Each structure stands twice: as C-alpha cells, then as structure tokens.
Q: 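Below you'll find the structure I mean.
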Protein chains: 2
Amino acid sequence: MDLLDDPVPGVGTYEDFNTIDWVREKSKDRDRHREITSKSKESTWALVKSVSDAFSGWLLMLLIGLMSGALAGGIDISAHWMTDLKEGVCLNGFWFNHEHCCWTSNETTFQERDKCPQWKSWAELIIGTTEGPFAYIMNYLMYVCWALLFSFLAVTLVRAFAPYACGSGIPEIKTILSGFIIRGYLGKWTLIIKTITLVLAVSSGLSLGKEGPLVHVACCCGNILCHLFTKYRKNEAKRREVLSAAAAVGVSVAFGAPIGGVLFSLEEVSYYFPLKTLWRSFFAALVAAFTLRSINPFGNSRLVLFYTTWLGHYPVLEVLVVTAVTAVVAFPNSYTRTSTSELISELFNDCGLLDSSKLCNYDNANVTKSSNELPDRPAGDDVYTAMWQLSLALVFKMLITVVTFGMKVPSGLFIPSMAVGAIAGRLLGIGMEQLAYYHHDWAIFRGWCSPGADCITPGLYAMVGAAACLGGVTRMTVSLVVIMFELTGGLEYIVPLMAAAMTSKWVADAIGREGIYEAHIRLNGYPFLEAKEEFSHKTLAMDVMRPRRSDPPLSVLTQDGMTVEDVETMITETTYSGFPVVVSHESQRLVGFVLRRDLTISIDNARQRQDGIVSTSRIFFTEYTPPQPPSSPPPLKLRGIMDLSPFTVTDHTAMDIVVDIFRKLGLRQCLITHNGRLLGIITKKDILKHVAQIANRDPDSILFN
Amino acid sequence: MDLLDDPVPGVGTYEDFNTIDWVREKSKDRDRHREITSKSKESTWALVKSVSDAFSGWLLMLLIGLMSGALAGGIDISAHWMTDLKEGVCLNGFWFNHEHCCWTSNETTFQERDKCPQWKSWAELIIGTTEGPFAYIMNYLMYVCWALLFSFLAVTLVRAFAPYACGSGIPEIKTILSGFIIRGYLGKWTLIIKTITLVLAVSSGLSLGKEGPLVHVACCCGNILCHLFTKYRKNEAKRREVLSAAAAVGVSVAFGAPIGGVLFSLEEVSYYFPLKTLWRSFFAALVAAFTLRSINPFGNSRLVLFYTTWLGHYPVLEVLVVTAVTAVVAFPNSYTRTSTSELISELFNDCGLLDSSKLCNYDNANVTKSSNELPDRPAGDDVYTAMWQLSLALVFKMLITVVTFGMKVPSGLFIPSMAVGAIAGRLLGIGMEQLAYYHHDWAIFRGWCSPGADCITPGLYAMVGAAACLGGVTRMTVSLVVIMFELTGGLEYIVPLMAAAMTSKWVADAIGREGIYEAHIRLNGYPFLEAKEEFSHKTLAMDVMRPRRSDPPLSVLTQDGMTVEDVETMITETTYSGFPVVVSHESQRLVGFVLRRDLTISIDNARQRQDGIVSTSRIFFTEYTPPQPPSSPPPLKLRGIMDLSPFTVTDHTAMDIVVDIFRKLGLRQCLITHNGRLLGIITKKDILKHVAQIANRDPDSILFN
C-alpha cells in the first residue's frame, strides 16, 4: 500500500490553536482546480460541475451579503425597540417602538412626532402621571432595572452558551486571518449568541461600540456558509479569503459604508488580500449594505453594544455594577441618556433656523429667514447649558469607557471613541464660533470672519474630533477617512478629516506604536506577525534559529536509516511540530520535511491496518525502496507524507528578509542551511519570540505556534 | 583592501533594460534606515537628519501632488483655449477662450452665454459673415487646418525630442513598477514634451483619451522629484513606491477621483503596494485633486488627447491622414465636433424641463411645470434627429478609435471607449423609454411604468454603457466602479455600475483573458509577471530550470579554486547575468551568488587600482584567506560582492509555488537544489518563457531579463 495514492484521513489537517501552512493550502487548492479543469473536458456533468465551481465564490459572496445584511437589520430593529422599552411602552401593541407607535397614531403632528397618547412612559402607566418628582424617580428606576436585566441576560447567555461570543472579535479575526486556527470561534453557537447578546447589550446602554461584533457576526456567517461549498470547506486558505470579504461586509453594515468596509478589511484586518478578494469583498459589501437598507430603510442609526473579551473573576457582578453605574449616571443628563449614535449625529449636525436642539438655540435677531447660509450668531442660554451638560458627558464617557475596557469586559471602541471625539470637537467648535463672533477683528479671524459671515461650523469640528479620536485608538488611516466620508457624504470634508487622521496617528504613534487591536493580540499571546511594522534589526538567521549553540543538535530523520521504533522514540522525546529528513547524519543534506502530526497518524494507521508493520520495520522516505532481506519485516514507505519542497534560506540571510518571506508566503517554518548542509530551523514562534525579545518584552508571552 | 568596507562605484547598480532585485534593494534601504536611526542618538544634527528623513516621504508626496495638479490644470486651460481656437478667436485678447471671452463681455445674457460680439468665428473675421455655405466651408477649412497643424506639431515634437513621450505609458509604467528599468522613460524631457504634445493632441481633436498620459506625466513628476531626496534617488525599490503613488495622482487629476485613483493604482498598475504606500497615495491624490480644482475651478472637463506608442514607418504622414479624416468627418456632426468629454457629460445628463439640448426635446404637454420628477414623455422630432446623429457618431467613433489604435499611434482608450459605451447606452435608454411610454402595459414594464411615471432614465443607461465599455477594454473592476461613482456622485448608481462592470468583465474574459494593458506589455515583450492570473500548470521546478538535461552543466564559480583568468574566461564565454559560488565542483554545495556586472566591475577595478592583481591571482569568496606562498601574486578577495543569502528551492517544488515566490518577493533568479546539491537556476525570463510556451506563444517573444 502506497500512502501517496490513498491518503490517510487526518493527514494534512491542523490541530486547534495551530498555524496553517499557506503554501501547502494554496497548492492543494490549485491541484483541486487543475483536476476539475482537466475532468471538465470529459463529460457534460463534469463541465457543469466545473462551471458551478467557478461561480461558487460569487454565490457565496451573495449569500454572505444577504445573511449579514438581514442579521444587521434585525439587530437594528430589535435594539431600537428594546432601548425604547426602558422608557415606556406602546398601548397599540407592545412590539412597537416609540417612533413607530406615534407614527401609526393619527393624533401626531409633524412638529411633535415623539409625543402621542398611545406611548406611555412607565410612570404614566403605573401611577398615571408624568409630572412631579415621584414620576421622575419611577421612570429613573425602571430605566435602571431594564438596563440591569438586559446586561444580566447578555452576560449570562455568553457565559452559558458561547464564551467566544464575547470580546470585540477583531483581534481574534485578525489572528485567524493570518493563519491561526481557533475552532468554534466562528461557529453557529457564537453567531446565535452574539447576535442575541448584541441586541441586549445595545439596549442596556453600556458605553460600547457595535462595529467589532458586527464584523465578528459577518465572519461567522461567512464561515458557516463556507460549509455549503467543498472548495471552501476543505481549504483553510480559501476560507480565509472568504473571511476577509466577510470582514468588509461587517463594516459595510455597521456604517453603511461599502467602500470603507473593503478598505478597512484591506488595511486593518486582512493578512492575505489578493485582488480577486478585493473585488468579491466589494460585491458582498454592497449586497449587504443594500439588504440592510431594504430591511431597515429609516434607520441609519449607529448602535451601541456590549461585549466582553475575557471574562474576569466575577464577570456577572462586574457587568451589573458597571451597567448600574452607567444607567444611574446617564439618565439625568439628556446627552448621555440618548443612544450614543444619536448623540453623535446631533453633534455632527449643523444648526438650521428651525432646529429644536438645545445646541441650536442661537440669537437669531439679525438673521433674515430666507437666507440659505446662516452667519455666525451669538449663542443663547440653552447653548451654554448644553455645553455644561456636554462637558459632563465628555468626562463621564471617557471614564466609563476606560473602566469598561479596563475591567476586561471590553468592547468595540468605535462608537464610544467617536462620541468622545465628537463632544470635544463640538465644544471647541462652539467656543471658536463665539470667539469669532465677538472678536472678529482678531488676526486669525480677520479676512473671513467679518460680521454676518458664516466662518465657523461647529458640526465640522465635531466630525473632525470624532475622526481624530477614532484614528488615535485604532490607527486606521485611509479606511477611516473613507468611512467618515461615506458617513457624511461630502468630498469637501475629506481634507480636514485627513489632516485629523494623520495628526492623531502621528501623535498616537509618538506615544506608543500599537493600535488597540495589536495591543490586544499581544496581550492574548496570539502568534501574529505584524505586516505593518518593518523589522528593523540587523540580526541574521543564524542568530534566531534553533538549535542554539549550546543546545543538542537538531532532531532529524534520515531518509532510509530509521525503524518505526526509532521514530516513535523521537516523537515521544521531543515536542517539535515537525522534523527535517536528511540523506544521512554525516552529510546533513536536506531531503524534505515531515510534520509530527502526519507522522504520528501515518505510523498509527500503518500499525493498525498494514500487515507486518512492527517496531523493527524500517521507514523509507526515498523514492525507491531497496529489496529487504526475507527475514526482516516489510518496510514502511512514507515519502507520501513528506514535503519535498521545504523552504530553506542560508544562515547568513538577514532576519528582515526572513521575516518578509514568512509574512508574504505565510510560512510556519523555514530550514536554515550553511554551504548546503542543514543547520537548523526557524519557526514563526521563534520569530515572534525574537521580536518580543528585541522589544524588551517577555518572549514566553508567545503562547501558540 | 577589503571590498566589504569600501564599495567599488557601480557595484549594486543595474543596467538599462534589466530587472531589479527587490530583496536586495529593500534590504539596502533597511540598512540605511538602521544606520540613520543609530546615528540619531549621537548628535542633534544627526537627530534632525533622521527626523527629516522620516518626513521626506510625506514632503515628496506633497510636492508630487502640487506639481501634478498644477500641470494638469495648465493642460486643461491651454487645451480648452486651443480647442476653441479651431473655431474662432476673441477680439478682447487672443488668449481668451470662447467661454471666457463672452464672460468678460457685458453684452452677454445668461441664456446665450456662448454668443457675444467679441467672439468671432474665422469666417466672420475673414469674410465678415457667418451666413451662407461659403462661411460654413471657410469655418470647416480653418477647423481642419488648425487640427492638422496641432497634430503635426505634436508628432514632430515627440519624434525630435522625446520618443518615450508617445504611447499611453501605462503598460510601460506597469512594467517599470514591477521592477524593470527603462532609463529616460520618466525623465524631464519626456515630461516636458509629453505635457506640450498632450495639449496639442487634445486640441487637434483626435479620438484618444488623456488618462494614460496624465498617469505618465504624474509618474515623471514623481521620478524627477525623487532626485531631491537621497533616500529615493538611490533606491530603486523605494522609488517604485513613490511611482505607485504618482500613478494614483495621475488618475486623481484625470477624473477628479482621488479614491478611485488610489484603487486604480492598487488594482491595475502597481506590483508592490504596501499599506504605507496606500496611505501616501491617498494623500498625494487628494493634494493633486485640490490643486487642480483651485487652478481650474470651473473646468471639470475631461480632455481628449493623442499619443503614439511606437512610431510606424511614416508616422508623421499617418498622423496627418488620421487627423484630417477625423477633422473632416467630425465637423458636420455636432456630436463628434464637440469634445468627447462634453459629449459624455451631455449623454449622462438627465433631461430637465429647461434643457436646451436636442436630446431633451420631449413633448411636455402633459407635464406640470412644478413637478420635481419628470415622467416619461413622448420624444419630439429633435430627439429622433439626435438619435440619427448619435448612431453615426457611434459608428465613426468605433472605427476611428480602432484605426487610430491599429495604426500604432495609440492611445489612452478611457475617454473614447467611455464615449462609445455612453452613446450606445443612451440610444438604448431612449429606445426603452419610448417603448415604455407607448407600451406601458407590457409585462416587463407593468408595475412601475404606469402612465405619468418616471421609470426609465436614459442618462443612467449611458452611464452604465460607459462603465461596461471601459470595463471590457481595461478589465478594471473595483477602481472602475469607484471612479464612476466619484464622477457621478450617487451611491444609488453603484449597483447598476457594478453589474455592468462585472458582466462586461465576464463577457470579455470569455473572449480573451487579457486587458488592453497586458496585451500591450506582451506585444512589447516586456518581462512582466502577471500577478492577477494564477499559474495553473502542474510542472515542477526541475522542468523549468536551466541547464536542461541535454545542456552543458551549470557555470559555477568555486569559493577558493579559481584565478582571475579563469573567471574572466568564464565571463567572456557565457552571457549569464550571474554565477552561483560553490564549495567545490565535486560537492556542489552552494555558498552564494555573484552578479556578472558586479564581478566585471570589481575585477576591472582591482586590476587598475590594486597592486599586484594579475591573471594568475587567485580569487577567494571565503571568509578567511589562507596564507599564500610568497612567490604567488596577492589574492583577490571578493566575498564582499557575493550575495550570501541566495534564494533556493528544491527541484521538486511545484512551479506554482516558485511563481508565487518570484511575484511576492520580486526575485530575479532562484537556485535549484536536490538533496542539498546545487542543480540549476530559474530566472524570471525562464518563467516568462515557460508561461509563454504553455499558452502556445513564442517563448522568444520575451526580450528582456
């Protein structure tokens, strides 16, 4: 029996928490593709199969777009309803949210869409009035109770059914896309629980963002739908191409920004992003954006959601305490009580003449009603009140977001950090506007701030502040600007947004090089080889490779000199993931490379199924097996499981080149030679440890291989 | 003298029409960076230098954006003036174009901005009247004469001063970005001549587009500005990063589409596009777009330009004949006389009630003037006339573009192919609209085409047609959709545009896999390794490598066994670009790789400058030179020019993996080993020849290495 013809089940698969070999996976897919193409000339059925194989990628993208868009729409609608439930209920039917309730009512005027007899606040429903301190306390209490209930349900569901459903998900998805395997992270349970807890968390009002989780949800959809197609189910590399596209879909539905989503996936999340994936991502992102819009045509609301990374010691208690604090502090201040996305859109908004927002309470005495462009005006009392409330909200948001993040129940930081930036920007904008109004003869204002001119736009300051804050947290660049551009829709804002993104990246980089996701990956000890930072140290491969000078020599197999027992002893005595095969111990000429897992599976399989394989059977990795003496047991041929083209570099190769090869080709290990002799091996883990050591970090923080 | 310490001038540079070694260039840059960083701690001056080095990339981007934007603005304005010069002249000053002339005039009403007494057509100026057939012929004649003059000047200037200024430039830029060297292709003469001839060609009215040349102009700017900074002047890889960004700038100024430009560079032109370049491209593209807008705020006109690829046998005559034919045929039909970009924007335009275009001559009897949305209406006579003229223009444009391209005076095909697509789309759109109006009870129209509804938008059909036609020619995908989206500004058009781009790509791919630029690269025999197509044949490295089975063995150097004479003989007897260095001929253990150019330069240099180096001097590539007998000449140590980390793969490596390595790492050559022995070599040219052979093309069409 030749293993080359009949592969043993399990050979060529990976264990959990291990890194895939991109080269092997891609070459497997090309073999598959070649086989289908060559068969397609033989029969019509094979031709149909080949065509359907070619289109399966597009079909998959369509399905991912539809499913993610539908889920995001469902999340939007349910979260809206549950957020309103904290304040009251609709008499026409409890399933209506506030807006919808008053919409179906005929007694509503356009001016006061929010007020209608059908919608009852809890105080009104229970004690029959909305006036007086007692009713206020009643509403306050109900608000806090609902928030606690939602967050309790969320944290319990996550703990009970899908611990992977917690966390922003983006660091893990980045790691998975780089080739790591975390089984179940993108499974159906994670999807179901994450979707439900997303709604609960959004409704509970915690100061957290929803973009990360939506990316995670979209990637779960992608991974689950991959199982419909053999091409993607069986190939880890192809599946990662689909997941890259799914990440773009996630951002697309989170912000309604398909181009921004594609660029986010390209810039921030993906590791291997060929042009084909670019195009497919774009398609899927568009499908998702339009599905979402057709489900929830009026809601472009940005939701707030909650999620946990790794659960702490008292996760439920912690979450309840933070929710209680958030709810108690948030209720009295109208800017923290409203959903964060509504707050942001109010801050971005420019004041028209009819705007009822407190932020727009300007003195309109000198303004002609017909003019289209409003000049700078003096602020009214309400604006000053609003500024006080916003300042308090700013402090609260900053603190509560840090606490929420610090207590290891963290979080999509997109929306909270945008809110912090937007508040700061708007405050600065109003300040500048008033300064310009009262001191328009100052040097900096002279020229364009004459009386009656419209020279300061506080809404733009808010937008720029939001972009700057988000840019500082995530270190996004092009994708940030494009997402903000798609959100706001004006090409003229690109320049200030870009300046903000650039400045904040420079300032943040000066303080610390890592964005929030990279920091997360490092804290969790994932084996992620950062593609953005250049490896800038002048070490050579020989400085990093194993074995070190003092270590015992490299464990190698010889191509024809070892028995089954020898190999089994070597496997039990070492923990290496693979072994090089050489011609002989003396020459150290490299023949190939065998993975430990494949070796173990093959020997076990041979011992069970193949006649006569015993401990003294010789193992051959050669092409031709020499005739065995009649008395000896039959040989075990294992050339089929050997990688005949292992990557090698010389010991004098600079480590920056080695790192480049690892990144670009997605290697797991690389063998080191000197003048044609095998000298050692470098694995991805060795490189990560080396990088950690150079950066004065603990090399043992790299946990996985 | 050790060559390691004091490099010989010329070592490490490349010859014209050769491919660079990306790995070497990038590693050189990292060394440079390391040196600057380590020095920066020593003195304040070194610190300033290190900071300015870090910012030089951004400064360079700013300069490229400003220069390209300014040039594009100048080209726009001059071409506009010269195009109008074909029809008449302004009495207020000959440097005013038609619009500007009537603008400065006080006698112009808003309705007839184009008519004013100061602007005289040639007939009016010469014979004093615009009426009658004689005046028409007079104008016709002047139109043709000016066109001939402009095109004659253009072709003569290109021939006399800068032959590289002809051609669309994009295929060459793609090849240059992939690592090829064409000296002077992006030089100052090319820039000057290309800018001038661009204006002349645009004004002559030939059916050609301007985007390719603007990309070329922007890349020239990038290349010239690189000389201001040592970092980019001396490093071929770093300079290519700048050129990638410059390509984005070119498209950004051609279409006013910065995001589309970045994606075009990423998808279509660039070979190595790290994330840093993405961000810088975006910055440069924005600067350029805004510079252009501030120079030429009213012109978002898309120009038409002319250029040649390779001059034919009678280039001047050919160009004159085509110009004459173009001018003679174009003048009588108003749709071909107008500039192609104006034609396209008229075709994209939806008809308002006040539109004076013939295409908008609908029967408005049943329309209330106040309604914002115009229902479908029956076409008036002028629409039918316009359709006839458009049909003729379609046939003419298709033919003249093919002829212009076929006669080897080709061409940016963006605008002409968009025009062809837009005409076809508009015709179909009007047809559908009338069909829907008269047969709104047909099954396909029922539901949304009730009488009085606005169900067919002919302008959208034109847009989709333009995208489809351009997509078929260039096979662009995401960048096409984003450029069209930025041109038209409506997210709702993305879905039809995307469907068009996808369908046209599929249809075109079914007919032939190559886009116009790839076909061009192949016709010119450039060494370009296509990154988009997968290498799908099951060959192994041993099938492609040299020497073949019947060939003489590989020419190798030994590390310590050869004299200067031996090496010189080997150099004269072979034409290889480089030689592997082995321990000994018997063992064939690989030590390193030496480039022919470096070897020649070093030996010549040593013979001239180094005492005692004669033909019998032994050459050493080893680390330590054994003591020489006193009688023998001094040894020549050449370890410094040897690449100690040549890339190797085993002979069993699948060619798809080898191709992947070449693409991703940008290799020039890779050595092949078997069980640790050196067996052969694969160069980029070998791979290209192999690919050509598989595709049944002539392998000798690959001209360069």
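Naming convention: chains lettered A, B, ... in sequence-line order (proteins, then strands); numbering from 1 in each chain. Side-chain atoms are counted along with the backbone in the values below, which use heavy atoms only and exclude waters and symmetry mates. None of these values were measured; they are calculated from a predicted model.
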Q: For the candidates Met498(A), Gln559(A), His33(A), Gln588(A), which exhibits the highest count of non-hydrogen atom pairs separated by less than 4.5 Å from chain B?
A: Met498(A)
Q: Hey, could you give me the CD/CG distance between Glu268(B) and Leu275(A), rounded to the nearest 0.5 Å?
A: 9.0 Å
Q: Starting from the C-alpha separation in whole Å, work towards a yes-or-no answer on side-chain contact (heavy atoms from CB on, under 4.5 Å) for Trp279(B) and Glu267(A).
A: CA-CA 9 Å; Trp279(B) 182 219; Glu267(A) 187 186 352; 5.7 Å; no
Q: Can you tell which part of Val481(B) gets under 4.5 Å to a heavy atom of chain A, answering side chain, backbone, both or neither?
A: side chain
Q: Heavy-atom distances under 4.5 Å only: say whether Leu263(B) touches chain A with side chain, backbone, both or neither.
A: side chain
Q: Can you confirm whether Asp656(A) sits close enough to Arg34(B) that some side-chain heavy atom of one is under 4.5 Å from a side-chain heavy atom of the other?
A: yes
Q: Would you give the length of the straight line joining atom CZ of Phe647(A) to atom CD1 of Ile661(B), rounded to the nearest 0.5 angstrom?
A: 4.0 Å
Q: Assess whether side-chain contact (heavy atoms from CB on, under 4.5 Å) is satisfied between Val262(B) and Val478(A), documenting all intermediate values.
A: CA-CA 10 Å; Val262(B) 172; Val478(A) 182; 5.6 Å; no
Q: For the NE2 atom of His674(B) and the CG atom of Leu644(A), what is their distance to the nearest 0.5 Å?
A: 9.5 Å
Q: Could you tell me whether the side chain of Thr648(B) reaches within less than 4.5 Å of the side chain of Thr673(A), counting heavy atoms only?
A: no
Q: Quick check for you: among Lys26(A), Met502(A), Lys276(A), which has the greatest number of heavy-atom pairs under 4.5 Å with chain B?
A: Met502(A)
Q: Look up atom CZ in Arg589(A) and atom CZ in Arg589(B), then write down how far apart they are to the nearest 0.5 Å.
A: 4.5 Å
Q: Just verifying a value: how many Å separate Leu665(A) CG and Ile657(B) CD1, rounded to the nearest 0.5 Å?
A: 9.5 Å
Q: Do Thr653(A) side-chain atoms and Ser645(B) backbone N/O form a donor-acceptor pair below 3.5 Å?
A: no
Q: From Phe273(B) CZ over to Phe273(A) CZ, what is the distance, rounded to the nearest 0.5 angstrom?
A: 13.0 Å
